[in-house]
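One structure is given below, encoded as structure tokens.
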Amino acid sequence: MSSTNTIGALVLAAGKGTRMHSDKPKVLQELLGEPMLRYVFTALDPIFGDGIWTVIGHGADSIRTAFADEDRHFVLQAEQLGTGHALQVAWQSLIDAGISRVLVVNGDTPLLPQARLMAFMKEVVDRDADVGFMTLTLADPASFGRVVRHNGEVAAIVEAKDFDENLHGQEPNEINAGIYLLKVETVSPLLDKLQNTNKSGEYYITDLVELAVARRMRVCGVDCGQDPHLLGINNPAELVRSESLLRTNLVLEWLEQGVMIHAPETVRIGPMVYLEPGAVLHGPCELYGRSEVLRGAVVQSHVWMRDSVVAEGAEIRQFSHLEGAEVGQDCIAGPYARLRPGAVMERGSRVGNFVEMKKSVLGEKSKANHFTYLGDTEVGEGVNIGAGTITCNYDGVNKHRTVIEDGAFIGSNTALVAPVTVGKGSLVGAGSVITKDVPENSLAVARGTQRNLPRKRES
Ligand code: UD1
Ligand code: CA
């Protein structure tokens, strides 16, 4: 491809997405836990790097916030007057950046395959077309723009609403996928020719085709067959259709990489998840965000996790819920464990049923096997936390820390009122309410003393 460096990309993402019936901007609707726009960026970033502009409007602030950590060029389309208007609004930024061709992508087409994109751009550039766009041939052209051809040559794109057999001939099955490559110099003079005299009262980017044809410019519709990855998403049904295609693709890729996935049809793996060959998953389960499951680790069924790491040889048992957690080598968590952000299990430690951890470290080989809450707590090595132990970390205003040092033993049903430290090798009697630090190697008992009295009976 010639002078790739002057090809830029423009993502149209300002629309409201009325058909989603949601307050969220459509491009923030999620597939497998990631916003639609994330996928578009993932496809474009390696090709265009810094040369990507995104038109936002509806819910612009929430889109900026969602991508705040990334250095992206956003262009504001304050009023959303149509895809053609979005292009007009962004055009000057492209010219200022010295872009000679621009790939325009609808932001609601998240599964866009990168290889397809490259092939498309090559074809349009090789044919030196002024306007190129991808087309699909569908049994049901639904609400997509119809591609009208005369003697095989593209004549126009006519939106579904505006299509009229009397004017445009027999309704075609070829539709516009919403992905265009435009030559900036020749398309520039067409932009202010766009009109909104159509059923929607909007300025359509698709009208560029007819305008270009009328000026005998080179226009090419690149036939992409029936590729379902190129279908735009406008409503919940279309979203789950694309999500389910994506889910299948990702699971098959991981299987091919050597990850053991039982009941693969019930497993959902987000696009940023990393799985090492030799990891084992049992469906149904869901892994999202930047979760990682390493070699030899096992994730049992009905587990949900996000942004969590499961190290080599660790096991997450059924019905556990992990978010922002780190499970070290050879640990066991669950069944029914809840590991919240900042939960860290060090090598060989164990967390059993109905145990919740938040911002807490459980040291090597330590155990909290039943009904426990550890919040803002640091647990040393070889500690045993008895059933029903609760760290009382919140006084209604502030959070306080609990420290349980190496080798300590906490008896069942203990309340540890933070801030408090239980020293090395100490033992806390069952049922204690510990409000003061326990020195090393001591026995702390803090509960009412038992009295045995004669039982009184009637008669
Ligand atoms: C559009 C095409 C249609 C094509 C289909 C493919 C037009 C007029 N029609 O229809 O030919 O078959 O995509 O999926 O372009 N947007 C803005 N600003 C606006 C309006 C929309 O940025 O003022 C953005 C939207 O956020 C969306 C994209 O442009 O990401 C496409 O808009 P949408 O309303 O979904 O167009 P379709 O009706 O699907
Ligand atoms: Ca659309």
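Note: hydrogens, waters and symmetry copies are ignored here, and every other heavy atom, side chains too, is used. Atoms within each ligand, like the ligands themselves, are counted from 1 in listed order.
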Backbone or side-chain N or O of G15 under 3.5 Å from ligand 1 N or O: yes
Any M36 heavy atom less than 4.0 Å to ligand 1: no
Side-chain heavy-atom pair V209, F133 within 4.5 angstrom cut-off: yes
Per-residue contact class, K161 against ligand 1 - non-hydrogen pairs under 4.0 Å: neither
Proximity to ligand 1 by part of N176, non-hydrogen separation under 4.0 Å: both
Test item: protein heavy atom less than 4.0 Å from atom 23 (O) of ligand 1: yes
Heavy-atom nearest option to atom 30 (O) of ligand 1, drawn from L136, V11, L10, L12: L12
Nitrogen or oxygen atoms of A86 and ligand 1 under 3.5 Å apart: no
Identity and separation of the nearest protein heavy atom to atom 10 (O) of ligand 1: E159 OE1, 4.0 Å
Verdict with supporting geometry, T54 and V75, side-chain contact (heavy atoms from CB on, under 4.5 Å): CA-CA 6 Å; T54 304; V75 180; over 6 Å; no
N/O separation below 3.5 Å, V55 to ligand 1: no
N234 near the Ca ion (ligand 2) via N/O/S, less than 3.0 Å: yes
Sidechain N-carboxylate O distance under 4.0 Å for R127, E123: yes
E174 and R149 ion-paired at < 4.0 Å: yes
Y204 neighbourhood, listing ligand 1 atoms whose heavy-atom distance to it stays under 4.0 Å: 8 (C)
Which residue and heavy atom of the protein sit nearest atom 14 (O) of ligand 1, plus the separation: F144 CE2, 3.6 Å
Electrostatic pair K183:E185 at N-O distance under 4.0 angstrom: no
Proximal atoms of ligand 1 relative to D108 (non-hydrogen, under 4.0 Å): 30 (O), 35 (O)
Side-chain donor-acceptor contact under 3.5 Å, E286 with Y288: yes
NZ/NE/NH1/NH2 to OD/OE distance under 4.0 Å, K26 and D108: yes
Ligand 1 N/O within reach of T109 N/O, cut-off under 3.5 Å: no
I205 neighbourhood, listing ligand 1 atoms whose heavy-atom distance to it stays under 4.0 Å: 15 (O)
Shortest heavy-atom approach to atom 15 (O) of ligand 1 - which of V75, T83, L37: T83
Under-4.0 Å heavy-atom contact with ligand 1, by part of H58 that carries it: neither
Part of Q77 within contact of ligand 1 (heavy atoms, under 4.0 Å): side chain
Nearest neighbour in protein (non-hydrogen) for atom 38 (O) of ligand 1: R19 NH2, 3.4 Å
Carboxylate-amine/guanidinium contact E159 K199, below 4.0 Å: no
Atoms of ligand 1, numbered as shown, that sit under 4.0 Å from any heavy atom of L81: 23 (O)
Separation between OH of Y203 and CG of N196, rounded to the nearest 0.5 Å: 4.0 Å
pair L138-L231: side-chain heavy atoms closer than 4.5 Å: yes
For A177, atoms of ligand 1 separated by under 4.0 Å from a heavy atom: 6 (C), 14 (O)
Close-contact set for ligand 1 against K26 heavy atoms, below 4.0 Å: 35 (O)
Distance filter under 4.0 Å to G82 heavy atoms, resulting ligand 1 atoms: 18 (N), 19 (C), 20 (C), 23 (O)
A14 N/O under 3.5 Å from ligand 1 N/O: yes
Charged N-O contact under 4.0 Å between R38 and E70: yes
Region of S143 engaging ligand 1 - heavy atom pairs below 4.0 Å: neither
Whether over 12 other heavy atoms sit under 6.0 Å from R72 CZ: yes
Under 3.5 Å donor-acceptor, N198 side chain and G201 backbone: yes
Which atom of D108 approaches the Ca ion (ligand 2) most closely (N/O/S): OD2
Polar contact flag for G145 and ligand 1 (N/O pairs, less than 3.5 Å): yes
Nearest-contact summary for atom 1 (C) of ligand 1 - protein heavy atom, Å: N106 ND2, 3.7 Å
Ring centroid separation F41 to F67 under 6.0 Å: yes
Salt-bridge contact E315-R317 (side-chain N to carboxylate O under 4.0 Å): yes
Distance-only side-chain donor-acceptor flag, S349 / K367, under 3.5 Å: no
